[in-house]
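For reference, the structure is listed below as structure tokens.
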Amino acid sequence: MHQKQLPKGKKVDFHSHAILPSYVNGMKELGIDPVAEEGFPLPAWSVENHLKFMADAGIDYSILSLPTPHVFKGEASRSRRVVRAINEEMAELCRRFPDQFGFVAALPLPDTEGALAEICYAMEELGALGVKVASNSAGVYLGNPQLEEVFAELSRRKALVILHPSPARQLPRENIVTGRVMALFEYPADTTRTVLNLLASGTLARNPGIRLVVPHCGSFLPYMKSRGKAMFAMLAGMGMMEPVDMETEIGKLYFDLAGDPLPDQMDMLLAIADEKHILYGSDYPYVPAPVLLKKKTALDMALAERGQLEQVYMTNPECLL
């Protein structure tokens, strides 16, 4: 099977999840408790409810990715087995509904050898559009030299790479709300942390074929761009790191609008991002469908006023690959 292509002339959701039995069972096999890890239970999901949400929201095509927690718990062979089962079930779902769903493959990172094998299998045999990567995998962040071979392979394939947050391994968890519910602060914090590491390490510059989608309106990057640019320049001047062309490298990134783009975050994002690199993301089913529909109605009105409605939902996705 050749790599599947993004559809043309359809409204695309770049940030949605399928909570499949292989994932639920895999969490149990690996001994991962989502509530303990994330402070939030896995939401209920069914393909029927997902399709109904899409119909109600006017979404034609959803790119499914693995949610969090990430599927790795120290033993590579078990994680490889769990990831393979998830990708095969995800591919089967997309074969049943080829006009509604595509997927990006899960990887057993930080197991580099297993990840390389899964990239090949998922993209060549299962029709994956690309891969999903966690902001950190068992504490190994994107930009770590350990993952260089993985990024080189993704670049060679010009792969779609969808980033999803994963909480840092060590957090203050007692008597602090940000340490209890990861979605409040740790998700955008860890997303920003890993993107800064990708920039500082030169990983993105060395691997220009990658099409990286950053979630949640860029997380804290709109604030961090100026600060990071100044700090990176200072550190490079002190010989503590190589220079980074912040404008060029951030300009390559794509961003989804999952979360709360209105009233402030979309304007903040557009201050650092090319409007041609903005994509819609729902985060279904982690946000209830009625809430998402209300948010989407407001977003669509704002996009229409800006003349960007078709661009965000259709033109930008078509141009992405």
Side-chain angles (χ1 to χ4, degrees), residues 1-8 10-30 32 34 42-57 59-73 76-109 111 114-134 137 150 153-154 157 159-164 213 281-286 289 317 320-321:
M1 179 184 292
H2 296 293
Q3 180 184 343
K4 188 176 180 180
Q5 298 297 308
L6 286 172
K8 295 184 181 296
K10 291 188 176 185
K11 294 180 179 178
V12 181
D13 180 353
F14 273 82
H15 190 142
S16 64
H17 307 292
I19 315 298
L20 299 173
S22 55
Y23 179 64
V24 175
N25 294 334
M27 291 292 97
K28 294 176 181 177
E29 181 179 346
L30 294 173
I32 298 173
L42 291 177
W45 181 90
S46 72
V47 66
E48 294 79 13
N49 285 341
H50 201 141
L51 290 170
K52 183 180 187 305
F53 162 70
M54 290 169 61
D56 292 343
I59 295 297
D60 300 307
Y61 191 82
S62 292
I63 298 176
L64 304 173
S65 61
L66 193 67
T68 191
H70 183 59
V71 285
F72 191 88
K73 197 67 180 289
S77 60
R78 292 174 68 191
S79 291
R80 290 182 189 184
R81 185 170 62 251
V82 168
V83 162
R84 177 60 57 89
I86 291 168
N87 288 335
E88 289 184 336
E89 187 175 8
M90 197 80 83
E92 175 57 28
L93 172 65
C94 294
R95 283 193 291 269
R96 287 169 54 205
F97 300 95
D99 296 329
Q100 289 81 28
F101 293 127
F103 81 104
V104 286
L107 300 178
L109 292 173
D111 170 19
L116 290 169
E118 201 61 28
I119 290 167
C120 179
Y121 179 72
M123 295 187 71
E124 294 185 10
E125 302 297 328
L126 298 181
L129 291 164
V131 303
K132 171 256 182 176
V133 293
S137 304
V150 173
E153 178 64 11
L154 293 171
R157 292 177 179 270
L160 171 67
V161 179
I162 292 182
L163 171 61
H164 195 276
V213 180
S282 68
D283 216 349
Y284 183 86
Y286 279 82
L320 176 55
L321 290 183

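Here the structure is a predicted model, which is why all the values come from computation and not from measurement. Just so it is clear, the values below take in all heavy atoms, side chains as well, and ignore hydrogens, waters and symmetry mates.
- Under the 3.5 Å distance criterion, the side-chain polar atoms of Asn87 are left unmatched by any main-chain donor or acceptor of Ala122.
- One distance of note links CG of Leu116 with CD of Glu153; it measures 6.5 Å at 0.5 Å rounding.
- The structure places CG of Leu51 at 8.5 Å from OG of Ser46, a figure rounded to the nearest 0.5 Å.
- Of the listed residues (Val133, Ile119, Val161), just one forms a side-chain contact (heavy atoms from CB on, under 4.5 Å) with Val150, and that residue is Ile119.
- Across all their heavy atoms, Leu109 and Ala115 have their closest contact at CD2-CB, 3.5 Å.
- Considering His50, His17, His15, Gln100 in turn, His50 is the only one that fulfils the side-chain contact (heavy atoms from CB on, under 4.5 Å) rule with Leu64.
- Separating the CG atom in Leu160 from the CE atom in Met123 is a distance of 8.0 Å, to the nearest 0.5 Å.
- Outside the 6.0 Å centre-distance limit, the rings of His164 and His70 are not counted as a close aromatic pair.
- Judged by distance alone, the side chain of Lys11 and the main-chain N or O of Ala57 form no donor-acceptor pair under 3.5 Å.
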Carefully, step by step, assess Val47 and Phe101 under the rule side chain to side chain contact (heavy atoms under 4.5 Å, CB included). CA-CA 10 Å; Val47 66; Phe101 293 127; 3.7 Å; yes
Working for side chain to side chain contact (heavy atoms under 4.5 Å, CB included), residues Lys10 and Asp99: CA-CA 10 Å; Lys10 291 188 176 185; Asp99 296 329; 3.6 Å; yes
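- Taking 4.5 Å as the limit, every side-chain heavy atom of Glu89 sits out of range of all side-chain heavy atoms of Phe103.
- Ile19 places a side-chain heavy atom less than 4.5 Å from the side chain of Pro285.
- What you find for Tyr23 and Pro69 is that their closest heavy atoms are OH-O, 2.7 Å.
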For a side chain to side chain contact (heavy atoms under 4.5 Å, CB included) check, start with the C-alpha distance between Asp13 and Met54, then their side-chain angles and the critical distance, and finish with the verdict. CA-CA 9 Å; Asp13 180 353; Met54 290 169 61; over 6 Å; no
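- Comment: Glu118 engages Arg84 in a salt bridge, judged by a side-chain N to carboxylate O separation of less than 4.0 angstrom.
- Between Val131 and Val104, the shortest heavy-atom distance links the atoms C-CB, 3.6 Å.
- The OG atom of Ser16 lies 8.0 Å from the CD1 atom of Ile63; values are rounded to the nearest 0.5 Å.
- Nearest approach of Ala18 to Leu93, heavy atoms of both residues: CB-CD2, 4.4 Å.
- Remark: Leu163 CG to Ser65 OG distance equals 10.0 Å, nearest 0.5 Å.
- Summarising the geometry of Ala106 relative to Val83, their closest heavy-atom pair is O-CG1, 3.2 Å, with the distance given to 0.1 Å.
- Summarising the geometry of Tyr61 relative to Pro98, their closest heavy-atom pair is CE1-O, 3.6 Å, with the distance given to 0.1 Å.
- Looking only at side-chain heavy atoms (C-beta outward), Leu320 and Phe14 come within less than 4.5 Å of each other.
- For the atom pair CE (Met27) and OG (Ser22), the distance works out to 9.5 Å, reported to the nearest 0.5 Å.
- Inter-residue side-chain proximity for Val82 and Phe72 is flagged as unmet; no heavy-atom pair is nearer than 4.5 Å.
- Under a 4.0 Å N-O distance rule, the pair Arg96/Glu92 does not qualify as a salt bridge.
- A heavy-atom distance below 4.5 Å is found between the side chains of Phe53 and Ser282.
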